[in-house]
Amino acid sequence: MPELPEVETVRRGLLSLIVGRSVKAVEHDTPKSFPNATADVERFLIGAKISDVRRRAKVLMIDLSTDYTLVIHLKMTGQMVFVAQPSDTSSLRFGAGHPNESLVGNLPDRSTRVTVTFEDGSHLYFNDQRKFGWVRLLPTLEVPNIDFMQKVGPEPLDADFTAEQFAERFKRRARTSIKAALLDQTVVAGVGNIYADESLWGAKIHPQRLVGNITPSEFVLLYAELRSVMNTAIEKGGSTDKNYVNAEGKRGSYLTFARVFRREGKPCPRCGTTIVKFKAAGRGTHICPHCQILSP
DNA sequence: CACTTGACCTGTCCGC
DNA sequence: TGCGGACAGGTCAAGT
């Protein structure tokens, strides 16, 4: 579930919560979660001070004073949660469904894969129910060289990323569906299932339309909708369906504003037609069958 | 090579 | 109530 807006929300939270703190200890459950050698951890992580928190696509990067970086992918159910005190339950006072509702109880819990303890006694927890996510410790200079960074497409929210560049990126996937192409991280970075559906609805494009049949003006519309939807989602603190929480363990509220995602059976906000859900590009897909038609 | 499907996991929900 | 199976979706490996 963490897509670009969710990872960006976590990044902003961590930036104000952990920069300047020094790492005292690190624990992890399985090598899959944190595959680094103990010697590297001892040498480049323990005692290091957090200097910056960055993001590229859906990948989070925590820079250390040792010129090493913690590279983190949350995949589907990953969370990065900072807790000032182990017994801090102040965030639990909000009711269920409230935008500030905490979705995490006392940490660590059974989903906790990595625990970072800082010198001042505060903690950073990497929780990941389904164990798809990972944390790796790499030299900062080597991060751009890992496979994912070499292949990933441009950042859709970059100020100098134009609609023309956006359309150009899709030419390599002309024979596939527009939804599959949107989800392809090598075309454009950071788009996942939620914002693919939301932006296609905004641009009135059926997800199964072939890329090669999308007109230039439709690409301009899709570009604008994608950026608009993602910016709105960042403002709302991201989308929380089940697991996603920000750096303080709190949910995001974008889904209360979603137009089609998880709204099957409800009316399209534009025309009132009932929204339907089906499978496209291997994913649950939501459309308005009146606004988004397959053949013109 | 271009593209699609399955695997990786666990918790939740649905139907019997 | 219990139980099996479908489902959730980011990415990579394997298959068509």
Side-chain angles (χ1 to χ4, degrees), chain A residues 1-10 28-35 55-61 71-80 96-97 103-105 108-114 126-136 146-153 155-156 169-200 207-214 230 233 238-245 251-252 254-255 258 260-265 276-286:
Chain A
M1 259 92 71
E3 306 181 26
L4 189 155
E6 288 72 33
V7 181
E8 177 62 18
T9 301
V10 172
H28 63 90
D29 60 344
T30 67
K32 177 174 175 168
S33 300
F34 194 172
R55 177 192 61 77
R56 175 77 170 95
K58 301 172 191 173
V59 173
L60 206 55
M61 295 166 282
V71 183
I72 301 155
H73 203 306
L74 302 176
K75 291 289 181 83
M76 242 95 86
T77 55
Q79 308 172 331
M80 292 296 295
L103 288 188
V104 297
D109 62 21
R110 72 171 125 175
S111 76
T112 301
R113 311 255 84 89
V114 181
F126 170 58
N127 304 323
D128 183 24
Q129 189 178 90
R130 289 171 71 180
K131 302 182 185 176
F132 290 172
W134 43 258
V135 178
R136 289 174 199 158
I146 65 176
D147 257 18
F148 180 88
M149 295 297 180
Q150 288 289 309
K151 289 190 285 191
V152 74
E155 289 289 321
R169 295 292 302 174
F170 283 87
K171 288 186 177 173
R172 68 223 306 269
R173 301 297 305 271
R175 296 164 57 82
T176 192
S177 70
I178 185 66
K179 174 148 182 178
L182 268 175
L183 294 174
D184 182 345
Q185 300 299 294
T186 70
V187 175
V188 174
V191 186
N193 206 37
I194 297 172
Y195 304 110
D197 280 7
E198 290 290 295
S199 59
L200 286 168
Q208 291 174 313
R209 292 263 309 278
L210 290 186
V211 171
N213 294 337
I214 307 287
M230 284 193 160
S239 295
T240 297
D241 184 30
K242 290 192 176 67
N243 289 274
Y244 167 74
V245 294
R251 64 192 298 131
Y254 178 83
L255 287 188
V260 284
F261 192 83
R262 291 289 150 76
R263 295 195 67 247
E264 61 268 30
V276 296
K277 180 181 180 181
F278 57 99
K279 197 160 227 180
R283 312 291 170 84
T285 298
H286 313 73

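Heavy atoms only: backbone and side chains are in, while hydrogens, waters and symmetry mates are out. Chain A is the first sequence line, chain B the second, and so forth, proteins listed ahead of strands; every chain is numbered from 1.
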Sequence-distant partners of [X], side-chain hydrogen bond (donor to acceptor under 3.5 Å, both in side chains), two or more places apart:
| X | result |
| --- | --- |
| A:Asp241 | A:Arg262 |
| A:Thr240 | none |
| A:Asn127 | A:Gln79, A:Thr112 |
| A:Arg263 | none |

Length of the [atom1]-[atom2] vector between [X] and [N], whole Å:
| X | N | atom1 | atom2 | value |
| --- | --- | --- | --- | --- |
| A:Leu182 | C:dG10 | CG | P | 12 Å |
| A:Phe148 | C:dC12 | CZ | C1' | 11 Å |
| A:Leu4 | C:dT11 | CG | C1' | 16 Å |
| A:Tyr244 | C:dA8 | OH | C1' | 18 Å |
| A:Arg283 | C:dA6 | CZ | C1' | 17 Å |
| A:Leu255 | C:dA8 | CG | P | 14 Å |
| A:Glu264 | B:dC14 | CD | P | 12 Å |
| A:Ile194 | C:dA8 | CD1 | C1' | 11 Å |

Residues in salt bridge (Lys or Arg N to Asp or Glu O under 4.0 Å) contact with A:Asp109, at least two apart in sequence or another chain: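 By the salt bridge (Lys or Arg N to Asp or Glu O under 4.0 Å) rule, A:Asp109 matches no residue at all.
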Polar atom pairs (N or O), protein with nucleotides 9-13 of chain B, under 3.5 Å:
unit_1: B:dC9; atom_1: OP1; unit_2: A:Lys32; atom_2: NZ; d: 3.4
unit_1: B:dC9; atom_1: O2; unit_2: A:Arg130; atom_2: NE; d: 2.6
unit_1: B:dC9; atom_1: N3; unit_2: A:Arg130; atom_2: NH2; d: 3.2
unit_1: B:dT10; atom_1: OP1; unit_2: A:Lys131; atom_2: NZ; d: 2.8
unit_1: B:dG11; atom_1: O4'; unit_2: A:Gln129; atom_2: OE1; d: 3.3

Quick check: does any side chain N or O of A:Glu155 sit under 3.5 Å from a backbone N or O of A:Val188, one acting as donor and the other as acceptor?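 The answer is no, because no donor-acceptor pair under 3.5 Å joins these two groups.
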Side chain of A:Arg169, backbone of A:Thr186: donor and acceptor closer than 3.5 Å?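 At least one qualifying donor-acceptor pair exists.
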With a 4.0 Å cutoff (strictly under), does any side-chain N or O of A:His73 reach OP1 or OP2 of C:dG10?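 The answer is no; no side-chain N or O of A:His73 sits under 4.0 Å from OP1 or OP2.
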Please determine whether a side-chain nitrogen or oxygen atom of A:Lys277 lies at a distance below 4.0 Å from atom OP1 or OP2 of C:dA8.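 So the side-chain polar atoms of A:Lys277 do come within 4.0 Å of the phosphate oxygens OP1 or OP2 of C:dA8, strictly under.
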Student check: side-chain heavy atoms of [X] and [Y] closer than 4.5 Å:
| X | Y | answer |
| --- | --- | --- |
| A:Leu182 | A:Val187 | no |
| A:Leu74 | A:Phe126 | yes |
| A:Pro2 | A:Val10 | no |

Of all residues at least two apart in sequence or in a different chain, which pass the side chain to side chain contact (heavy atoms under 4.5 Å, CB included) check with [X]?
| X | result |
| --- | --- |
| A:Gln208 | A:His206, A:Phe278, A:Ala280, A:Leu294 |
| A:Thr9 | A:Tyr244, A:Asn246 |
| A:His73 | A:Lys58, A:Val59, A:Lys75, A:Trp134 |

Starting at the 5' end of DNA chain C, what dot-bracket string do you get if Watson-Crick and G-U pairs under 3.5 Å are bracketed, crossing pairs use [ ], other-strand pairs use | and unpaired bases use dots? .|||||||.|||||||
Determine the interatomic distance between P on C:dA13 and the same-named atom on B:dC9; round to the nearest Å.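 Rounded to whole Å, the distance is 14 Å.
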Which atoms of nucleotides 13-16 of chain C (N or O only) lie under 3.5 Å from a protein N or O atom, and what are those distances?
none

Using a 4.0 Å heavy-atom cut-off, does [X] contact any base of the nucleic acid, only the sugar-phosphate backbone, or nothing at all?
| X | value |
| --- | --- |
| A:Gly192 | sugar-phosphate |
| A:Gly133 | nothing |
| A:Phe261 | sugar-phosphate |

Restricting both atoms to N or O, compile the protein contacts to nucleotides 1-3 of chain B shorter than 3.5 Å, with distance only.
unit_1: B:dC3; atom_1: OP1; unit_2: A:Arg175; atom_2: N; d: 3.1
unit_1: B:dC3; atom_1: OP2; unit_2: A:Arg172; atom_2: O; d: 3.2
unit_1: B:dC3; atom_1: OP2; unit_2: A:Arg173; atom_2: NE; d: 3.2

Drop me the distance from A:Lys179's NZ to A:Asp184's CG, to the nearest 0.5 angstrom.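 Those atoms lie 14.0 Å apart.
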